[in-house]
Colleague: 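One structure, pasted below without further comment.
By convention in this document, chain letters (A, B, ...) are assigned in the order of the sequence lines, proteins followed by strands, and residues within each chain are numbered from 1.
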Protein chains: 2
Amino acid sequence: MTPSNVEQVLNTWQDSLHQHGYRMTRPRRQVMEIIAASETALTPQEIYQKSLELERSLGIASVYRTLEMLEELGLIQQIHQPGGCHGIWPTLEGHKHHLICRDCGQMQVIEGNVDIDGYITAIEKQTGYRVDDHWLQFFGRCDGCLN
Amino acid sequence: MTPSNVEQVLNTWQDSLHQHGYRMTRPRRQVMEIIAASETALTPQEIYQKSLELERSLGIASVYRTLEMLEELGLIQQIHQPGGCHGIWPTLEGHKHHLICRDCGQMQVIEGNVDIDGYITAIEKQTGYRVDDHWLQFFGRCDGCLN
DNA sequence: TCCTTATTGATAATAATTATCATTATCAGT
DNA sequence: ACTGATAATGATAATTATTATCAATAAGGA
Ligand SMILES: [Mn+2]
Ligand SMILES: [Mn+2]
Ligand SMILES: [Zn+2]
Ligand SMILES: [Zn+2]
C-alpha cells in the first residue's frame with residue numbers, strides 16, 4: 001500500500017473503533033500502521049519486533065489485545081501458510097483470494113471466480129452441509145523470486 | 001473411516017515407513033491409529049490426550065516426532081481452521097478439498113473441480129507468479145449440527 | 001537369538017500466548 | 001480547555017505449546 005493509502009485505511013479503522021466504543025490509542029495506531037504498511041502477512045511476534053525500531057515500542061500484550069480487537073471488528077483476518085501460520089492481513093472486501101510467494105512471503109490479492117458458487121451448491125446438495133464460508137489460497141513463487 | 005479401512009491405511013503407512021528406513025514402533029502405531037480413526041482433524045495435544053486413555057500412553061515428544069515423520073513422508077497434512085489451527089489429517093490423493101463443520105469439527109472430503117485449473121492459469125498470467133499449490137477449504141454446519 | 005542402533009520417554013529448555021494489576025491516558029461532559 | 005471516570009497500557013507472572021537432551025529400551029536384520 002502507498003503511504004496515503006495507509007492513511008485512508010487507518011481513518012476507516014479509527015471510525016470503526018469509535019463506533020464500537022473503543023478508544024484510539026497510540027499503541028493501537030502503531031499496530032494498525034505496521035499491518036497496513038506491510039507487504040507480507042505478519043505474525044504477532046513480527047509486529048512486536050517491528051515496533052522495537054520505533055521511538056516508543058509496544059508492549060507484547062498490547063499487540064495481542066489490539067489484534068484480538070481488530071479481528072473482532074472484522075478489520076483483519078488470519079492468513080494460513082504451510083510452515084508458518086497465523087499471519088495477519090487486512091480483511092478483503094468482496095470475494096477475493098490470496099496468492100502467496102513461498103520465498104519472500106509477498107502477497108497478491110486475486111479476484112474470486114464465480115464458478116465456485118455453483119461448486120458450493122453442488123457440495124451442499126451432496127453432503128447435507130450448509131456452507132457459509134470458504135478459503136482459497138494459492139502458493140507459488142513471485143516474479144522477483146523466480147529470476 | 002471404518003475399522004477395517006483404518007487397518008488398510010495403517011498397512012500402507014507401515015510400508016512407507018519401512019521403505020524409508022523407519023522402524024514401526026508401538027508409539028508410532030498408536031499415533032497413526034488415532035489419526036486414522038478420527039472423525040475430526042486433531043492437534044498434537046489432542047492426539048496426546050487421546051493416548052492417555054490407552055493401556056500404555058504416549059510421550060508427548062514422541063507424538064511430535066511421529067507427526068514430523070508422517071508429514072515428511074507426505075502421509076498427513078495440516079488442516080487450517082478459523083480459531084484453532086494445525087489440525088492433522090491424512091493426506092488426500094488427487095485433487096480434493098476439505099469441508100469442515102464449525103460446530104463439531106467433522107470433516108468431509110470433496111472432489112476438486114477442474115475449473116480451478118483454468119483459474120490458476122489466469123492468475124499466473126495476471127501476476128507473473130508461478131503457482132504450484134492451492135488450498136480450498138469450505139466451512140459451514142453439518143447435517144447433524146443443523147438440526 | 002543376538003547385536004547394533006534407532007527410538008523412546010522423562011524432563012529441561014525455549015517460545016508463544018494469556019492473565020494480573022498498579023499506573024497512565026483517552027475522551028465525553030462540562 | 002479542564003476534569004473525572006474508566007478504558008487501556010505495560011511490566012511481569014503464569015500458563016501453554018514446542019523443541020532439545022540423554023540414559024534406557026526395543027526393533028529388526030544377521
Ligand atoms: Mn493455519
Ligand atoms: Mn472464493
Ligand atoms: Zn517472492
Ligand atoms: Zn457438525
Colleague: In whole Å, what is the span from the CG atom of Leu67(B) to the P atom of dT19(D)?
Modeller: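 It is 10 Å, rounded to the nearest whole Å.
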Colleague: Could you list, one pair per line, each protein nitrogen or oxygen that sits under 3.5 Å from a nitrogen or oxygen of nucleotides 20-22 of chain D, together with the distance?
Modeller:
none

Colleague: Are the side chains of Glu71(A) and Gln77(A) in touch, meaning some heavy atoms are under 4.5 Å apart?
Modeller: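 No - every pair of side-chain heavy atoms lies 4.5 Å or more apart.
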Colleague: State, with a plain yes or no, whether a side-chain heavy atom of Arg141(A) is found less than 4.5 Å away from one of Asp132(B).
Modeller: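 In contact.
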Colleague: Parallel, tilted or perpendicular: which fits the ring planes of Phe138(B) and His134(A), with parallel below 30° and perpendicular above 60°?
Modeller: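 Tilted: the ring planes of Phe138(B) and His134(A) meet at 30° to 60°.
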Colleague: Would a distance-only check, ignoring hydrogens and angles, find a side-chain to backbone donor-acceptor pair under 3.5 Å from Thr91(A) to Gly74(A)?
Modeller: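 At least one qualifying donor-acceptor pair exists.
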Colleague: Once you round to the nearest 0.5 Å, how far does CG of Leu99(B) lie from CG of Leu136(B)?
Modeller: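 Result: 10.0 Å between the selected atoms.
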Colleague: Sugar-phosphate means primed atoms, P, OP1 and OP2; the rest is base. With that split, encode nucleotides 23-28 of chain D 5' to 3' as B, S or - using protein heavy atoms under 4.0 Å.
Modeller: ----BS
Colleague: Check the distance between dA6(C)'s C1' and Glu72(B)'s CD and give it to me in whole angstrom.
Modeller: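 Rounding to the nearest Å, CD of Glu72(B) and C1' of dA6(C) are 14 Å apart.
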Colleague: Which residues satisfy the ring pair (Phe, Tyr, Trp, His ring centres under 6.0 Å) test with Tyr22(B), sequence neighbours excluded?
Modeller: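 Here no residue qualifies.
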Colleague: Applying side-chain contact (heavy atoms from CB on, under 4.5 Å), can you list everything that pairs with Tyr64(A), at least two apart in sequence or on another chain?
Modeller: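 For Tyr64(A), the residues satisfying side-chain contact (heavy atoms from CB on, under 4.5 Å) (neighbours in sequence not counted) are Pro44(A), Gln45(A), Ile60(A).
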Colleague: What is the distance from CZ of Arg29(A) to C1' of dA7(D), rounded to the nearest Å?
Modeller: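 After rounding, the reported distance stands at 18 Å.
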Colleague: Nearest whole angstrom, please: distance from the P of dT19(D) to the CD of Glu71(B).
Modeller: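 About 11 Å, once rounded to whole Å.
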Colleague: For Trp13(B) and Ile35(B), work out which heavy atoms get closest and say how close.
Modeller: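 Looks like CH2-CG2, 4.3 Å.
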Colleague: To the nearest Å, give me how far apart OH (Tyr48(A)) and P (dT9(D)) are.
Modeller: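 Atom-to-atom, Tyr48(A) to dT9(D), this comes out as 15 Å.
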Colleague: Starting at CD of Gln19(B) and ending at C1' of dG29(D), how long is that distance when rounded to a whole Å?
Modeller: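 Gln19(B) atom CD is separated from dG29(D) atom C1' by 17 Å.
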Colleague: Indicate yes or no: at least one non-hydrogen side-chain atom of His80(B) is less than 4.5 angstrom from one of His86(B).
Modeller: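 A side-chain contact exists here, since the closest heavy-atom pair is under 4.5 Å.
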Colleague: Using atom CG of Leu58(A) as one end and atom C1' of dA11(D) as the other, report the distance to the nearest whole Å.
Modeller: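 It is 14 Å, rounded to the nearest whole Å.
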Colleague: When the distance from CD of Glu46(A) to P of dA15(C) is rounded to whole Å, what number comes out?
Modeller: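 It is 15 Å, rounded to the nearest whole Å.
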Colleague: Suppose we screen for side-chain contact (heavy atoms from CB on, under 4.5 Å). Which residues come up paired with Asn5(B), at least two apart in sequence or across chains?
Modeller: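 Applying side-chain contact (heavy atoms from CB on, under 4.5 Å) to Asn5(B) gives Met1(B), Thr2(B), Gln8(B).
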Colleague: Report yes if the side chains of Ile76(B) and Met32(B) come closer than 4.5 Å at any heavy-atom pair, otherwise no.
Modeller: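 In short, these two side chains do not touch, never coming nearer than 4.5 Å.
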Colleague: Just the atom pairs and distances: protein N or O near nucleotides 16-18 of chain D's N or O, under 3.5 Å.
Modeller:
residue : atom : partner  : partner atom : Å
dT18(D) : OP2  : Tyr64(B) : OH           : 2.1
dT18(D) : O5'  : Tyr64(B) : OH           : 3.1

